[in-house]
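These notes concern the structure reproduced below.
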Amino acid sequence: MRRLLDPINLAAFGFALSLIVVWQLLADAHLLSPIFFPSPLRAIEVLQYRAFDGSLWTSLAWTALRMVVGWLLASIIGIALGAAIGSFRLARVLLNPTLEFIRPLPASAVIPVAILFLGLSNAMSLTVIAFGAVWPVLLASVHGFSSVSPQLADVSNVLGLKRHDFMRKIALPSALPDIVAGLRVSLALALILTVVTEMQSSLPGLGWDIFFAQRSYRSADLYAGLIMLAVLGFAANHLIMLFERRALRWRNLGT
Amino acid sequence: MRKPLLGAIIPVSFLGLWEVSSRAGLLTLESLSRPSDIIEAGYAGLRDGSLLLATLQTCETALLGLALAAVIGIAVGTILGLAPTAERIAGPTIEALRPIPAIAFMPLALMMFGFGVGLEASIVAYACVWPILIVTISAVRAIEGRLLEVAAVLELPVWKRMTKVVLPAAFARINVGLRVAAAISLVVAVTIEIVLNPRGLGYHLVLAQQSLQIGLMWAQLVWLCLLGFVLNLLLSRLGGGSGLMWRPL
Amino acid sequence: MQPLRKTVGSVRPEKAEASALEVSGLTVRFGARTILDGINFDVRDGEFLCIVGSSGSGKTTLLRVLAGLARPAEGKVQFAGAEISGPSRDRAIIFQDYSKALLPWRTVRGNVALSLEARNVPASEQDAIVDELLGIIGLSRAKEQFPSQLSGGMQQRVQIARCLAQDPKLLLMDEPFGALDAMTRQSLQDEILQLVADKKIATVFITHDLEEAIYLGDRVIVLGGSPAGIMETMEIDLPRPRNQLTTREDGRFLAYRHRLFELLVQEHPPQAFEGKGQQ
């Protein structure tokens, strides 16, 4: 409570609020073009209206679902591949050059290819999201699995742990801090690609809402969509940070 | 010597299988074209200059957006870095804006600028400004306090203080942010072209797909891979050297 | 797993028993460099053998060969009558760098239980065994804490407990107390003596601290030269149980110390082995 009332925090809140108020005043005074900058209150009204008729929640649910499923796909593939490349020399030698070549390809560039094979479908959208979001978690996993401390490998050898026990009990937990950091970046990327594919392929969701609002020159709707995207991105990031704090509790204990 | 050979096994056998099976008529899917057709289409694109022109368009917009982002990011970042209170007041607003995917502003930019360079460069700038801003704030904050005191004692005017002390001291770290932003700029530019803007590599990629010039589409994809690869290489090479010559190892 | 007694059996078993470990003609190379050359020694059942030598003399390499973590280029290492072909739970090793040898994401209990999991001890029995071991090593109250919350001495105790949970016949220790402060070091020295005597475990203990070697050992082997070989083997005839005050003041203790010191001074400047607990 005291932290909230700290003058600096109050000032920070006031700063954000005053930006919005100035915008509102300028809009009221018709100093800003209402086509590009509708008053913030109008955007709130749109949100309110769409919340009541339910269309807001449908869009939000679609976008969140696409983001999460695509991200989960990317995570599973990324961690599995990362474990293989990070732990086994053969996998590293075989796969690394190919992956290094594909990696710089902008994820959105596979959209045309994905459309060719899968049409304007959810499968296409998920493929693109997974392709784009896989890199951060893959790179982080490779790093995590390849930097398991040699002492722990010795301990595992002396105890005669089986290969899968070593992976499960020693390598995976030891790589987890890296993996979770990668998962966070991947989630942000997944949201971006969700919006891109929704716009590109007219799939229902917040991305399409924004796109459609522009086409029909309803800028208040456009801002409403942006606000919802900000909320979704913010919430997703905080959920994963919460998970990080729980799963990696042992890291932040200090002496 | 053996390592690169092993690494080539997967791509080479993949391409070989692809070529052979499509020649043998086992692979009838039109969307798969043939590796040899792809090379042909790519060569044709290079020769008539269309591929290079598109590349140029994409790169110039990306660079313009990046430059805009650098100017804004470094200027605002320096101010916020030197004034911690201002940074704490503006911080939450920045944190609220940052998670919105830059791409989501595309429709807004389209309303304001119409199709063309302005639309694309403004979105690229928006996407690139965050890493530069954040790195600049922390870089300026990390400047040794003594240096700023020296500048104050010498009674350097504000402008000279910036150009002679603050920016050179912070440059090494700002450079890291610039490199991250450079990689982002190309990705964002191509994305905008794919979704919306009728120019550059991204647009040509979609065009090739929609007009079912499949070989050309694949050729452009490979070209994009190469472009990204070269950019990454350049950035990691540049990172070590430029502006850091005076730095003790 | 043998039942663990809490009372202290303080007298060392009679010497001249059968050998637990036999090393003959051991040579170790890293690439073209020879690290150890023609090493011969044995460890008797229940014996506490200390190996000293200046840093870089190949002590750790020797211990890793005994653990099965490194391969000899030539020679034979036999344990319990069979040649060593790789690591085994029979031979526990305690690493010097305890902070890197513990699983930081597991509590003290979880770290000790790792050995039991490796031995496929049923989960229902693990708790009791862990509790007993932690009681012996004085960690009962830290059971649910993570390694990062413990002092260096406590962390090294966790490693010892994990090794005991392996139910080993041979305990290999690589400068285990080198990084600890003097007081912690002394109490751990006494505890480990008591533990291995109770459980009749043969021990190979590496240190660069001459006094520590004499205080703990039944015998002390001096490693030196390049490539390293055995310079001298010294029987330590001091009564057990040993005592931090009386043992160290014993005239024989001082004579041993004198002799070892001279041996090592011959080839190296003295500061290399007089310092305590660096690294």
Side-chain angles (χ1 to χ4, degrees), chain A residues 75 79 82-83 86-89 137 140-184 240-255, chain C residues 60 63-64 66-70 84-108 110-121 142 144-155 158-159 162-163 165-168 170-172 174:
Chain A
S75 307
I79 296 172
S87 310
F88 303 100
R89 230 180 66 87
V137 66
S141 303
V142 169
H143 180 257
F145 277 96
S146 60
S147 48
V148 175
S149 101
Q151 274 93 343
L152 291 186
D154 281 347
V155 168
S156 155
N157 272 332
V158 170
L159 290 178
L161 288 185
K162 305 231 165 51
R163 187 90 223 178
H164 67 266
D165 271 338
F166 170 75
M167 292 302 278
R168 192 164 59 91
K169 289 181 178 172
I170 294 186
L172 181 66
S174 159
L176 198 61
D178 285 317
I179 294 174
V180 174
L183 287 176
R184 247 178 86 185
I240 203 162
M241 267 162 63
L242 222 62
F243 166 76
E244 187 173 359
R245 218 167 292 159
R246 301 208 96 205
L248 304 179
R249 194 163 58 93
W250 52 271
R251 286 192 100 204
N252 322 313
L253 294 167
T255 346
Chain C
T60 297
L63 203 72
R64 289 178 68 81
L66 300 188
L69 291 170
I84 288 178
S85 59
S88 146
R89 281 195 293 274
D90 282 352
R91 284 165 278 130
I93 178 165
I94 293 178
F95 296 94
Q96 175 182 21
D97 197 349
Y98 42 80
S99 63
K100 286 186 187 149
L102 296 174
L103 309 184
W105 55 87
R106 285 197 181 200
T107 58
V108 168
N111 266 288
V112 178
L114 183 70
S115 293
L116 303 175
E117 290 164 26
R119 286 170 52 200
N120 297 319
V121 174
E144 301 302 336
Q145 292 194 295
F146 289 96
S148 64
Q149 294 173 292
L150 304 176
S151 66
M154 300 271 265
Q155 291 187 39
V158 178
Q159 219 194 151
R162 183 179 64 199
C163 284
Q166 273 175 248
D167 197 15
L170 179 69
L171 191 58
L172 305 166
D174 183 9

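Labels below follow one simple rule: chain letters A, B, ... track the order of the sequence lines, proteins then strands, and each chain is numbered from 1.
- Interface residue C/Arg91: only backbone heavy atoms are found under 4.5 Å from chain A.
- In this structure, A/Arg249 and C/Phe146 have side chains that are in contact, with non-hydrogen atoms separated by less than 4.5 Å.
- Of the atoms belonging to C/Ser115, heavy atoms from both backbone and side chain fall under 4.5 Å from chain A.
- Contact annotation for A/Leu248: neither backbone nor side-chain heavy atoms come within less than 4.5 Å of a heavy atom of chain C.
- To the nearest 0.5 angstrom, C/Trp105 atom CH2 is 6.5 Å from A/Trp250 atom CH2.
- The shortest distance between side-chain heavy atoms of A/Leu161 and C/Glu117 does not fall below 4.5 Å.
- For the residue pair C/Arg89 and A/Gly160, the shortest heavy atom distance occurs at NH1-O, 4.1 Å.
- Remark: C/Ile93 CD1 to A/Gln151 CD distance equals 10.5 Å, nearest 0.5 Å.
- Annotation: side chain of A/Asp154 is in contact with side chain of C/Phe95 (closest heavy-atom distance under 4.5 Å).
- A distance of 8.0 Å separates SG of C/Cys163 from CG of A/Leu159, quoted to the nearest 0.5 Å.
- Rounding to the nearest 0.5 Å places CD1 of A/Ile170 at 5.5 Å from CG of C/Leu114.
- Residue A/Ser156 does not touch chain C at all, counting heavy-atom pairs closer than 4.5 Å.
- Counting heavy-atom pairs closer than 4.5 Å to chain A, the top residue among C/Pro104, C/Ala92, C/Ala67 is C/Pro104.
- The candidate from C/Pro87, C/Gly86, C/Ala118, C/Ser88 with the greatest count of non-hydrogen atom pairs under 4.5 Å with chain A is C/Pro87.
- No side-chain heavy atom of C/Lys100 sits under 4.5 Å from any side-chain heavy atom of A/Leu152.
- The candidate from C/Leu103, C/Asp90, C/Thr107 with the greatest count of non-hydrogen atom pairs under 4.5 Å with chain A is C/Leu103.
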Determine, step by step, whether A/Val155 and C/Arg162 satisfy the side chain to side chain contact (heavy atoms under 4.5 Å, CB included) criterion, reporting the C-alpha distance in whole Å, the side-chain angles of both residues, the deciding distance to 0.1 Å, and the verdict. CA-CA 10 Å; A/Val155 168; C/Arg162 183 179 64 199; 3.3 Å; yes

